[in-house]
Protein chains: 2
Amino acid sequence: MTLVQLRQPQSERADLCASADLPPPRPDGQDRYTISEVSAHSGLSVHTLRWYERIGLLPNVDRSHTGQRRYTNADLSWLALVSKLRLTGMAVADMVRYAELVRQGDHTTAERRELLSTTREDVLRRIAELQSTLAVLDFKIDLYSDDDTPGVSERN
Amino acid sequence: MTLVQLRQPQSERADLCASADLPPPRPDGQDRYTISEVSAHSGLSVHTLRWYERIGLLPNVDRSHTGQRRYTNADLSWLALVSKLRLTGMAVADMVRYAELVRQGDHTTAERRELLSTTREDVLRRIAELQSTLAVLDFKIDLYSDDDTPGVSERN
DNA sequence: TAAGGAGTTGGAGTGCGCTCCAGGCAAGCC
DNA sequence: GGCTTGCCTGGAGCGCACTCCAACTCCTTA
């Protein structure tokens, strides 16, 4: 299992509850996180954060007077969504497209909903695939577990 | 959804039933399929088939007297397993490892079972991830569906 | 005998998603 | 003043899983 393996956030499995983002560590108004803070919080490397910005997946990040990035709570929750969607296997390019739609404003909501619905279908399909694979795995594992006579094992 | 997107087999979703391979088109003994037949059957490109062989994922394929590949039913079902496992995101390298273990014979069954069990855990984890993402998607889609007032849409 | 189609090989190329590097700047501490 | 730490940039590099190419052989059908 190597594909789609993102670094896990520090807080282990803290995000099991689906649509509830982590409570932001700081109240709105004082939310000016450095890149390393965001890296620690999101589980994305600083490289990846800068790269996401470059490709338009997380645009318009604020800067300090010396030019350093200062992320907001909104940035954080956007990143949370992005991370979720990445886990589904959604292509980064598609998420960039979604981000563009959001930037373009209200008249794109239909297209956005469609994009999400398509993704939803994909997710359902992948769940079904995984479950069917699970059955195969269980079958094979059973073979190895309750049959230790030689000969059977070569067939796998 | 672009990652882990393999070409689908011709026979659409014929493999919904978990551990039952497609019945081999020919009885054992007359199973000497050409590479293009196997490509059509498995949904893998001929390039991929040869590449799998090179890296040790499908070794020792029979040859005709002129040196062309002739695949057996056993090869076909091995490929079916490989395709399933690929869908889980299992790395090709790990499958090569598994293939090596099979070749090494009976004394490796414990390690094989362990490999499969690890994969199984991964699959369970991914299903959980996907289901939690599904909840997020449903939440977002709902937002777009039953709320068309401007303003809400920028927040996503 | 000639053409066409399917197969062979080693090696190069591709697309994706990062990941790293070199060189530089600004702020804080001794 | 010098050192460290953290951040900045553009661009190069990497690992994976294919994907394609050129040049060739072999078989079949016309």
Side-chain angles (χ1 to χ4, degrees), chain A residues 1-9 32-71 75 79 82-99 122, chain B residues 1-9 32-71 75 79 82-99 122:
Chain A
M1 194 80 154
T2 313
L3 271 169
V4 197
Q5 196 116 49
L6 306 174
R7 280 167 57 206
Q8 279 307 104
R32 297 178 59 74
Y33 308 98
T34 67
I35 196 165
S36 56
E37 285 170 332
V38 175
S39 170
H41 181 272
S42 68
L44 300 163
S45 76
V46 294
H47 300 295
T48 302
L49 287 172
R50 288 195 273 250
W51 179 65
Y52 277 4
E53 189 173 337
R54 248 195 306 209
I55 64 175
L57 187 51
L58 176 60
N60 310 327
V61 173
D62 246 32
R63 298 293 176 130
S64 72
H65 70 105
T66 58
Q68 297 190 192
R69 289 171 181 81
R70 292 294 178 261
Y71 295 84
D75 292 331
L79 281 174
V82 163
S83 299
K84 273 264 175 247
L85 292 180
R86 281 293 297 123
L87 286 177
T88 69
M90 188 177 184
V92 167
D94 289 350
M95 297 194 299
V96 171
R97 173 90 193 115
Y98 182 78
D122 287 339
Chain B
M1 193 80 156
T2 313
L3 270 168
V4 196
Q5 196 116 50
L6 306 173
R7 276 167 60 207
Q8 280 307 102
R32 296 178 60 73
Y33 309 98
T34 66
I35 196 165
S36 54
E37 286 171 332
V38 175
S39 170
H41 181 271
S42 68
L44 299 163
S45 76
V46 295
H47 300 296
T48 301
L49 288 171
R50 288 196 272 253
W51 179 65
Y52 277 3
E53 188 173 339
R54 251 198 303 211
I55 64 174
L57 187 51
L58 177 61
N60 310 323
V61 173
D62 246 31
R63 298 295 177 125
S64 73
H65 71 106
T66 59
Q68 298 189 191
R69 288 173 181 79
R70 291 295 177 261
Y71 294 84
D75 293 330
L79 281 174
V82 163
S83 299
K84 273 263 175 247
L85 292 180
R86 282 292 297 119
L87 284 178
T88 69
M90 188 175 183
V92 168
D94 288 351
M95 296 195 298
V96 171
R97 173 90 191 116
Y98 183 77
D122 287 339

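Order of the sequence lines sets the chain letters (A, B, ...), proteins ahead of strands, with each chain counted from 1.
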Answer yes or no: does a side-chain N or O of B/Arg70 lie under 4.0 Å from OP1 or OP2 of C/dT8?
no

pair A/Arg69-A/Arg63: side-chain heavy atoms closer than 4.5 Å:
yes

Please confirm whether any donor atom in the side chain of A/Arg69 sits under 3.5 Å from an acceptor in the base of D/dG6, or the reverse.
no

A/Ile35 CD1 to D/dC8 P: how many Å, rounded?
5 Å

Calculate, to the nearest 0.5 Å, the distance between atoms CG and OG1 belonging to B/Leu58 and B/Thr48 respectively.
12.0 Å

Point-to-point distance, once rounded to the nearest 0.5 Å, from CD of A/Glu53 to CG of A/Asp75
9.0 Å

Side chains of B/Leu49 and B/Leu79 in contact at under 4.5 Å (non-hydrogen atoms):
yes

B/Tyr33 atom OH is separated from C/dG7 atom P, nearest whole Å, by 15 Å

Would you say A/Arg32 and A/Asp62 make side-chain contact, with heavy atoms under 4.5 Å?
yes

B/Leu87 CG to D/dA17 C1': how many Å, rounded?
14 Å

B/Tyr52 side chain near D/dC18 phosphate (N/O to OP1/OP2, under 4.0 Å)
yes

In this structure, how many angstroms lie between the P atom of C/dC18 and the CG atom of A/Leu79, rounded?
12 Å

Once you apply a heavy-atom cut-off of 4.0 Å, does B/Ser64 come out as touching a base, just sugar-phosphate, or nothing?
nothing

Check this for me: does the side-chain of A/Arg54 come within 3.5 Å of the base of D/dG11 through a donor and an acceptor?
yes

Round to a whole Å and report the spacing from CD1 of A/Ile55 to P of D/dG10.
15 Å

Phosphate OP1/OP2 of D/dC7 contacted by A/Ser36 side-chain N/O (<4.0 Å):
yes

Rounded to whole angstrom units, what separation is found between the CE atom of B/Met90 and the P atom of D/dC16?
14 Å

For residues B/Val92 and B/Ile55, determine if any side-chain heavy atom of one lies less than 4.5 Å from a side-chain heavy atom of the other.
yes

Round to the nearest Å and state the distance from B/Trp51 atom CH2 to D/dC21 atom P.
18 Å

Consider the side chain of B/Arg50, meaning its heavy atoms from C-beta on, and name the nucleotide among C/dG7, D/dC18, D/dA17 that approaches it most closely.
C/dG7

Do the non-hydrogen side-chain atoms of A/Arg70 and A/Val61 ever get within less than 4.5 Å of each other?
no

Under 4.0 Å from OP1 or OP2 of C/dC18: is there any side-chain N or O of A/Arg86 that close?
yes

Scan nucleotides 22-26 of chain C against the protein and return all N/O pairs shorter than 3.5 Å with their distances rounded to 0.1 Å.
none

Give the rounded distance in Å between these two atoms: CG of B/Leu44 and P of D/dT19.
10 Å

Need to verify one output field. Residue with the more 5' nearest nucleotide on DNA chain C, B/Arg63 or A/Val92?
B/Arg63

